[in-house]
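Here is the structure we will look at.
The basis for the numbers below is simple: all heavy atoms, side chains too, and nothing from hydrogens, waters or symmetry mates. Indexing begins at 1, ligand by ligand and atom by atom, following the structure's order.
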Amino acid sequence: MNEFETKYLSSGLPFVTLKLAQTLDGNIATCTGDSKWITSKTSRVRGHQLRAEADAILVGRGTVMADDPELSVRHVDGCSPTKIVLDTQLKIGLNARIFGGAPLIIATTKEVCRKRIKERKNKGAQVWQLPILNGQINLKAVLQKAAQMGLRHILIEGGSRVAASALCLGLVDRIAAFIAPKILGAGIPAIGSLDIASITDAIALENVKVEAIGNDFLFTARVKKSP
Ligand SMILES: NC(=O)c1ccc[n+]([C@@H]2O[C@H](COP(=O)([O-])OP(=O)(O)OC[C@H]3O[C@@H](n4cnc5c(N)ncnc54)[C@H](OP(=O)(O)O)[C@@H]3O)[C@@H](O)[C@H]2O)c1
């Protein structure tokens with residue numbers, strides 16, 4: 001049994017990898033939201049390998065509206081996984097590129113208007129109406145529903161706020177951070193606020209591996225689970 005199966009069977013949740021493509025100083029985009037491209041082509045090919053190994057890619061509305069990504073596997077052989085997007089008010093436009101290609105799930109709330117749901121269903125998307133937690137879609141509920149659908153390995157690709165939500169709720173199992181030799185100063189941080197005041201409360205990582213990919217580094221580690 002692989003680690004994805006073990007997590008799924010023991011917790012009813014998918015195994016979650018959080019992927020970041022960041023500068024040395026921890027930014028995933030400039031202060032204007034520009035993020036293309038922080039890492040090298042070789043790193044991006046490796047990023048597509050991670051996509052091909054996942055059952056679904058999950059991102060927030062901010063990423064879709066800033067980057068208009070396809071979220072597909074293009075640089076390596078393999079199937080493009082299901083896409084899951086968090087969009088509380090169904091603000092993502094119907095012409096966004098995520099509506100093409102692999103199946104799309106839009107996670108939203110129970111309060112959104114029926115017309116918007118219908119429009120998205122007509123474009124082929126599934127719409128999940130889920131409970132709210134602190135004004136946003138309850139990410140644990142998204143992952144539970146994903147697991148019920150048989151999605152056992154989820155790759156979270158950002159952005160900053162989604163990464164923070166996932167870490168805050170203890171939902172991330174593994175981090176794969178591509179680190180480029182670039183500095184942006186005050187940009188968009190790889191991980192948004194976690195409200196951590198003391199170093200002793202930092203999220204600890206273990207089983208750290210670092211691999212050089214051209215001039216970039218791929219840092220992988222497990223999130224240490226609290227006992
Ligand atoms: N270099 C990289 O690896 C990388 C990867 C991805 C993105 N990016 C960059 O990151 C930026 C976008 O990041 P971002 O932080 O602004 O946006 P984000 O994390 O992609 O999306 C955040 C939005 O998702 C919605 N959301 C719903 N439920 C949520 C939940 N439980 N937790 C968090 N968000 C939830 C909220 O919008 P609603 O309330 O409207 O639903 C929230 O504002 C862009 O500039 C993009 O280029 C970089």
Check: Ala221 main-chain N/O paired with Asn207 side-chain donor or acceptor under 3.5 Å: no
Exercise: identify the closest heavy-atom pair between Ala125 and Phe99: CB-CE2, 4.1 Å
same_hphob_cluster(Ile84, Ile137) at 4.5 Å side-chain heavy-atom cutoff: yes
Numbered atoms and elements of ligand 1 in range of Asp87, under 4.0 angstrom, heavy atoms: 41 (O)
Which residue and heavy atom of the protein sit nearest atom 25 (C) of ligand 1, plus the separation: Leu86 O, 3.8 Å
Part of Asp67 with heavy atoms under 4.0 Å of ligand 1, whether side chain, backbone, both or neither: side chain
Nearest non-hydrogen protein atom, atom 42 (C) of ligand 1: Gln136 NE2, 3.5 Å
Asp216 vs Ser40, side-chain hydrogen bond (donor to acceptor under 3.5 Å, both in side chains): CA-CA, chis, key distance, verdict: CA-CA 7 Å; Asp216 297 342; Ser40 66; 3.1 Å; yes
Identity of the nearest option to atom 15 (O) of ligand 1, non-hydrogen atoms only, from Arg161, Gln22, Met65: Arg161
Location of contacts on Ser160 toward ligand 1, heavy atoms closer than 4.0 Å: both
Stepwise side-chain hydrogen bond (donor to acceptor under 3.5 Å, both in side chains) test for Asp25 and Thr23: CA-CA 5 Å; Asp25 57 341; Thr23 60; 2.5 Å; yes
Nearest non-hydrogen protein atom, atom 11 (C) of ligand 1: Ile188 CD1, 4.0 Å
Ligand 1 versus Lys19: contacting region, heavy-atom distance under 4.0 Å: neither
Smallest separation among heavy atoms of Ala166 and Ile156, with atom names: CB-CD1, 3.6 Å
Minimum heavy-atom distance Gln129-Thr109, with the two atoms named: NE2-O, 3.2 Å
Under 3.5 Å: N/O of Arg61 near N/O of ligand 1: yes
Check: Lys19 side chain, Leu155 main-chain N or O, donor-acceptor pair, under 3.5 Å: no
Residue of the set Lys115, Arg116, Lys121 for which salt bridge (charged side-chain N to carboxylate O under 4.0 Å, His left out) holds with Glu119: Lys115
Linked, directly or transitively: Val45 and Leu71 (ILVMFWY side chains, under 4.5 Å): no
Atom indices of ligand 1, in the order listed, that fall short of 4.0 Å to a heavy atom of Glu157: 5 (C), 6 (C)
Polar proximity ligand 1 side, Lys91 side, N/O cut 3.5 Å exclusive: no
Structural part of Ala21 in contact with ligand 1, heavy atom criterion under 4.0 angstrom: both
Atom 18 (P) of ligand 1 [closest protein heavy-atom partner, distance rounded to 0.1 Å]: Gly159 N, 3.4 Å
Exercise: identify the closest heavy-atom pair between Leu50 and Arg174: CD2-NH2, 4.4 Å
Atoms in ligand 1 with a heavy atom of Ala29 nearer than 4.0 Å: 45 (O)
Option set Thr32, Val85, Leu169, Ile28, criterion heavy-atom distance to atom 4 (C) of ligand 1, minimum: Ile28
Heavy-atom donor-acceptor pair, Lys123 side chain to Leu94 backbone, under 3.5 Å: yes
Heavy atom of the protein closest to atom 27 (C) of ligand 1 (residue, atom name, distance): Thr88 OG1, 3.4 Å
Euclidean distance, Lys145 NZ relative to Leu151 CG, rounded to 0.5 Å: 11.5 Å
Approximate separation, where rounding is to 0.5 Å, of Ile188 CD1 and Asp34 CG: 9.5 Å
Element-labelled atoms of ligand 1 that are located less than 4.0 Å from some non-hydrogen atom of Ala66: 44 (C), 45 (O)
Distance-only N or O hit between ligand 1 and Ser35, under 3.5 Å: yes
Taking atom 21 (O) of ligand 1 as the reference point, the nearest protein heavy atom with its distance: Gly62 N, 3.1 Å
Heavy-atom proximity to atom 20 (O) of ligand 1, best of Thr63, Val142, Ile156: Thr63
Contact with ligand 1 for Val59, non-hydrogen, under 4.0 angstrom: no
Distance filter under 4.0 Å to Ser165 heavy atoms, resulting ligand 1 atoms: 30 (C), 31 (N), 32 (N), 33 (C)
Mode of Asn138 contact toward ligand 1 - side chain, backbone, both, neither (heavy atoms, under 4.0 Å): neither
Polar atom proximity, Leu20 to ligand 1 (N or O, under 3.5 Å): no
Least distance between heavy atoms, Thr88 atom then Val112 atom: O-CG1, 3.2 Å
Nearest-neighbour protein heavy atom for atom 45 (O) of ligand 1, which is reported as residue plus atom name and distance: Gly33 O, 3.1 Å
Option with minimal heavy-atom separation from atom 31 (N) of ligand 1, where the choices are Val162, Ile137, Leu139, Leu58: Ile137
